[in-house]
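Report on one structure; see the data block that follows.
Remember, predicted model here, so these are calculated numbers, not experimental data. Residue numbers run from 1 in the order of the sequence given.
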Amino acid sequence: MKTSLEGEKVILVPYMKEHVPNYHLWMQDPAILQATASEPLTLDQEYDMQISWFQDPLKQTFIVLDKELVVGEFVHGQSHTEAMVGDVNIFMNDLDDPQTAEVEIMIAEQKSRGKGLAKESILLMMAFAVENFGIHIFRAKIGESNESSLNLFKKLGFEETSCSEIFKEITLELPVTESKKEELHQLINNVVTHS
């Protein structure tokens, strides 16, 4: 069982097969599909995708749990599907620079938006990625109409590096400076890690 990260508002848990039915329901929502630039998959395809993501060393995916929704005590290794509200991912697929990671966040549950869960999830993921993979540049590709995500990443210090008219997508980047590295190191030291 991979690592879980427990922050102030969220718990990031590995994407498990028990999460797939809820995840599949989210991905039937046209607004979520558009915001995430995704295509709808069948349930069987989602199960296959979960396995491939879990096994791929160039990807790290966590399901975001809203701590307010966890029933009882959090137990590492249990899915806690009652509290799942989204996911956060990194892809280390830049062939020219394996220490560059694309980061994505989705808070799919309306009731959990606007509570700071996305911000904390991104910061926890970035801290985890710097500590475990030596990431030195984070990149986000966001649809130009997704203003809430654009604003969030800009508040986190990401700066626009390009805009694709074809894909209607803005690319933002955040270099991991020494001060950012120290900030993320402090953050990960204050996180409860379950493994």
- request: Taking side chain to side chain donor-acceptor pair (under 3.5 Å) as the test, write out the residues that go with N22, two or more places apart.
  value: none

- prompt: Side chains of E68 and K115: closer than 4.5 Å at any heavy-atom pair?
  reply: yes

query: Is any side-chain heavy atom of F74 closer than 4.5 Å to a side-chain heavy atom of V13?
result: yes

- prompt: With a 4.5 Å heavy-atom cut-off, do I135 and M92 have their side chains touching?
  reply: yes

- request: Taking the side chain as every heavy atom from C-beta outward, state whether I107 and D66 have any atom pair closer than 4.5 Å.
  value: no

task: Check whether any side-chain heavy atom of L5 sits under 4.5 Å from a side-chain heavy atom of T193, and report yes or no.
output: yes

- prompt: Side chains of T171 and S164: does their closest heavy-atom pair fall under 4.5 Å?
  reply: no

message: Tell me if the NZ atom of K67 is crowded by more than 12 foreign heavy atoms within 6.0 Å.
response: yes

- prompt: Is there a side-chain contact between M125 and I105, using heavy atoms and a 4.5 Å cut-off?
  reply: no

Just distance, no hydrogens or angles: give the donor-acceptor pairs under 3.5 Å from side chains in residues 47-56, sequence neighbours left out.
unit_1 : atom_1 : unit_2 : atom_2 : d
Q50    : NE2    : Y15    : O      : 2.8
S52    : OG     : M49    : O      : 3.0
D56    : OD1    : L58    : N      : 2.8

- prompt: Within a radius of less than 6.0 Å around CD of Q99, do more than 12 heavy atoms belonging to other residues, nucleotides or ligands occur?
  reply: yes

All N/O donor-acceptor pairs, side-chain side in residues 26-34, below 3.5 Å, sequence neighbours left out:
unit_1 : atom_1 : unit_2 : atom_2 : d
W26    : NE1    : E109   : OE2    : 2.7
Q28    : NE2    : H24    : O      : 3.1
Q28    : NE2    : H24    : ND1    : 3.4
Q28    : NE2    : H24    : NE2    : 3.4
D29    : OD1    : A31    : N      : 2.8

query: Do E82 and H80 get their side chains close enough for a donor-acceptor pair, meaning under 3.5 Å?
result: yes

message: Other residues, nucleotides and ligands only: do more than 12 of their heavy atoms fall within 6.0 Å of NZ on K59?
response: yes

- request: Find out whether I90 and F128 are in side-chain contact, i.e. whether some heavy atom of one side chain is under 4.5 Å from a heavy atom of the other.
  value: no

- prompt: Charged N to carboxylate O under 4.0 angstrom, D94 versus R139?
  reply: yes

